[in-house]
Amino acid sequence: MSDPEHIFLTAIVNPHQTNTRFDQVLAELMPEYSRAKLQSWIKSGQIRLDDRVVKPKEKVLEGQQIVVDVTVEAVVGYEKAEAVNFEVVYEDDSLIVVNKPAGLVVHPAAGNYNNTLLNGLLYRYPELSNVPRAGIVHRLDKDTTGLMVVARTLPAHADLVAQLQERTVSRHYHALVHGVMTAGNTIESLIGRHPKNRQKQAVLAVGGKEAITHYRVEERYSHHTLIRCELETGRTHQIRVHMAHAGYPLVGDPLYGGRPKIPKGASQSLIHALQTFGRQALHAFRLGLVHPESGDYCEWEIPDAPDMVELIRQLKIESL
């Protein structure tokens, strides 16, 4: 066990969070911690609302101040700097933009205490040990590829967290889905833990968190569609859950799409490509935000991951 970690941060309740439970707002602010842990900190007064000790279920109002001042025992491996393979797309004194590869876990957690993006960031940038979560302010699933922004300083961390809360960070994804879509749309729902399978999230009638995904068709193939998704919110597995709920599960996603779906009459090359695509076909290709230091709007864009490019090539050939 490493030394205790002290976390101090502040945030302002934004309009989208008005009338939301205090512990739900905190779950957005600190998604790496369980709801039970956050509730215990609220009850002990280590997390306060407008400098008051309140109940976890109290509803918050726009403009109220949240102050987090807690000390936690870091898990084994959390502060361990390790050489981890990932591409840095951009860096300056305030932030780092990385291209996360498939198979790389973002945070240490049960079953993945080492060789995470966090460990790799600490190896390349030792000063990140002074920033909460080594500067990580949002995450991608283990097998989702693409762009993530990392705060390099405490002021940048606070600024980026605020931008994410205010939904001003632009996040665009490419996704390959089963089925041929006729048009794009916007999906608005509540997303929360699946009532029967704790590994999954689900669209819920009540009790979940607001989730909004905008999507449009990029290309149609014989039995699949390449879509562009823009996140207005950032719930766990959001795109995967929303697309499966709409009847268009992501290619390569056994959790939400079941066993690989092979189109009738598909060529052997396409069958092989679909059966060996070992992850959900989801790639964060564009990221935009206001620079914490300069105040300028910045945007980064990268090509799709090589495995998705190859699968798209096979789908195009099959559609000729």
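Remark: Arg259 CZ is loosely packed, at most 12 non-hydrogen atoms of other residues, nucleotides or ligands lying under 6.0 Å away. Under a cut-off of 6.0 angstrom, the local environment of CD in Gln163 is crowded, with over 12 non-hydrogen atoms contributed by other residues, nucleotides or ligands. The environment of Lys55 atom NZ is sparse: at most 12 non-hydrogen atoms of other residues, nucleotides or ligands sit within 6.0 angstrom. Atom OH of Tyr297 sits in a crowded spot, with more than 12 heavy atoms from other residues, nucleotides or ligands closer than 6.0 Å. No more than 12 heavy atoms of other residues, nucleotides or ligands lie within 6.0 Å of CD in Gln199, so this atom counts as exposed by the packing criterion.
Note that NZ of Lys142 is 10.5 Å distant from CD of Gln280, once rounded to the nearest 0.5 Å. The CG atom of Leu95 sits 7.0 Å away from atom SG of Cys298, with the distance rounded to the nearest 0.5 Å.
For Thr144 (side chain) and Leu140 (main-chain N/O), no donor-acceptor pair under 3.5 Å exists by modelled atom type. With hydrogens and angles ignored, the 3.5 Å screen pairs a side-chain donor or acceptor of Ser319 with a backbone N or O of Ser222. No donor-acceptor pair closer than 3.5 Å links the side chain of His157 to the backbone N or O of Val150. Counting only distance, with no hydrogens or angles, the side chain of Glu82 and the backbone of Asn115 share a donor-acceptor pair below 3.5 Å. Thr145 places no side-chain N or O within 3.5 Å of a backbone atom of Pro101 that could act as its donor or acceptor partner. Lys200 places no side-chain N or O within 3.5 Å of a backbone atom of Lys196 that could act as its donor or acceptor partner. Between the side chain of His138 and the main chain of Gly234, no donor-acceptor pair closer than 3.5 Å is present. Asp50 contributes no side-chain N or O that, together with a main-chain N or O of Arg52, makes up a donor-acceptor pair within less than 3.5 Å.
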Leu147/Val97 under side chain to side chain contact (heavy atoms under 4.5 Å, CB included): CA gap, chis, key distance, verdict:
CA-CA 7 Å; Leu147 295 171; Val97 178; 3.8 Å; yes

What's the verdict on salt bridge (Lys or Arg N to Asp or Glu O under 4.0 Å) for Glu232 and Arg171, showing C-alpha distance, side-chain angles and the deciding distance?
CA-CA 8 Å; Glu232 190 167 321; Arg171 290 170 286 175; over 6 Å; no

Show your reasoning for whether salt bridge (Lys or Arg N to Asp or Glu O under 4.0 Å) applies to Asp69 and Arg48.
CA-CA 9 Å; Asp69 188 358; Arg48 300 165 74 91; over 6 Å; no

Go through Glu230 and Arg216 one step at a time and tell me if the salt bridge (Lys or Arg N to Asp or Glu O under 4.0 Å) criterion holds.
CA-CA 9 Å; Glu230 182 178 5; Arg216 72 184 195 189; over 6 Å; no

Take Glu210 and Arg235 through the salt bridge (Lys or Arg N to Asp or Glu O under 4.0 Å) test and state the conclusion after the steps.
CA-CA 8 Å; Glu210 181 187 33; Arg235 308 305 175 203; 5.3 Å; no

Stepwise, does the side chain to side chain contact (heavy atoms under 4.5 Å, CB included) test hold for Ile66 with Ile47?
CA-CA 7 Å; Ile66 299 168; Ile47 303 180; 4.2 Å; yes

Side chain to side chain donor-acceptor pair (under 3.5 Å) between Arg228 and His172, intermediate numbers included
CA-CA 7 Å; Arg228 173 185 298 195; His172 290 258; 4.7 Å; no

Show your reasoning for whether side chain to side chain contact (heavy atoms under 4.5 Å, CB included) applies to Glu318 and Leu315.
CA-CA 5 Å; Glu318 195 80 0; Leu315 292 172; 5.6 Å; no

Run Asp159 and His291 through side chain to side chain donor-acceptor pair (under 3.5 Å) and show every step you take.
CA-CA 9 Å; Asp159 187 276; His291 193 280; over 6 Å; no

Using the rule given for side chain to side chain contact (heavy atoms under 4.5 Å, CB included), can you reason through Ile239 versus Tyr215, listing the C-alpha separation, both sets of side-chain angles and the distance that settles it, and then say yes or no?
CA-CA 9 Å; Ile239 293 174; Tyr215 67 95; over 6 Å; no

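Side-chain contact between Arg313 and Glu310 is present, with heavy atoms from C-beta onward closer than 4.5 Å. Residues Ile12 and Gln64 have side chains not in contact (no heavy-atom distance under 4.5 Å, counting atoms from C-beta outward). When side chains are defined from C-beta on, Leu176 does not count as touching Ile227, because their heavy atoms never get closer than 4.5 Å. Inter-residue side-chain proximity for Met308 and Leu311 is flagged as unmet; no heavy-atom pair is nearer than 4.5 Å. At a threshold of 4.5 Å between non-hydrogen side-chain atoms, the residues Val251 and Val177 do not count as touching. The shortest distance between side-chain heavy atoms of Tyr173 and Leu231 falls below 4.5 Å. The shortest distance between side-chain heavy atoms of Leu122 and Lys80 does not fall below 4.5 Å. Between Pro292 and Leu160 there is a side-chain heavy-atom pair separated by less than 4.5 Å.
Met148 and Ile136 get closest at one heavy-atom pair: CE-CG2, 4.2 Å. The shortest heavy-atom contact between Ser44 and Trp41 is OG-O, 3.1 Å. When all heavy atoms of Ala183 and Arg220 are compared, the pair lying nearest together is N-NH2, 4.2 Å. When every heavy atom of Pro56 is checked against every heavy atom of Lys43, the shortest pair comes out as CG-CE, 3.9 Å. Between Ala151 and Ala156, the shortest heavy-atom distance links the atoms CB-C, 3.8 Å. Nearest heavy atoms, Ala134 versus Leu118: CB-CG, 3.8 Å.
Pairs engaging residues 241-256 under the side-chain hydrogen bond (donor to acceptor under 3.5 Å, both in side chains) rule: Ser189-His242, Thr213-His242, His237-Tyr256, Arg240-Asp253 [sequence neighbours left out]. Evaluation of the side-chain hydrogen bond (donor to acceptor under 3.5 Å, both in side chains) test over residues 93-102, restricted to residues two or more places apart or in two chains, returns Glu87-Asn99.
For the pair Arg124 and Phe86, the cation-pi criterion (under 6.0 Å, within 45° of the ring axis) is fulfilled.
Remark: Asp141 does not engage Arg279 in a salt bridge, criterion side-chain N to carboxylate O under 4.0 Å. Salt bridge Glu127/Arg152: present, at least one basic N to carboxylate O contact under 4.0 Å. The pair Arg21-Asp23 counts as a salt bridge, with a side-chain nitrogen and a carboxylate oxygen less than 4.0 angstrom apart.
Ring centroid separation for the pair His178 and His224 comes in under the 6.0 Å cut-off.
Just one residue in the list Gln24, Gln165, Gln17 forms a side-chain contact (heavy atoms from CB on, under 4.5 Å) with Leu29, and that residue is Gln165.
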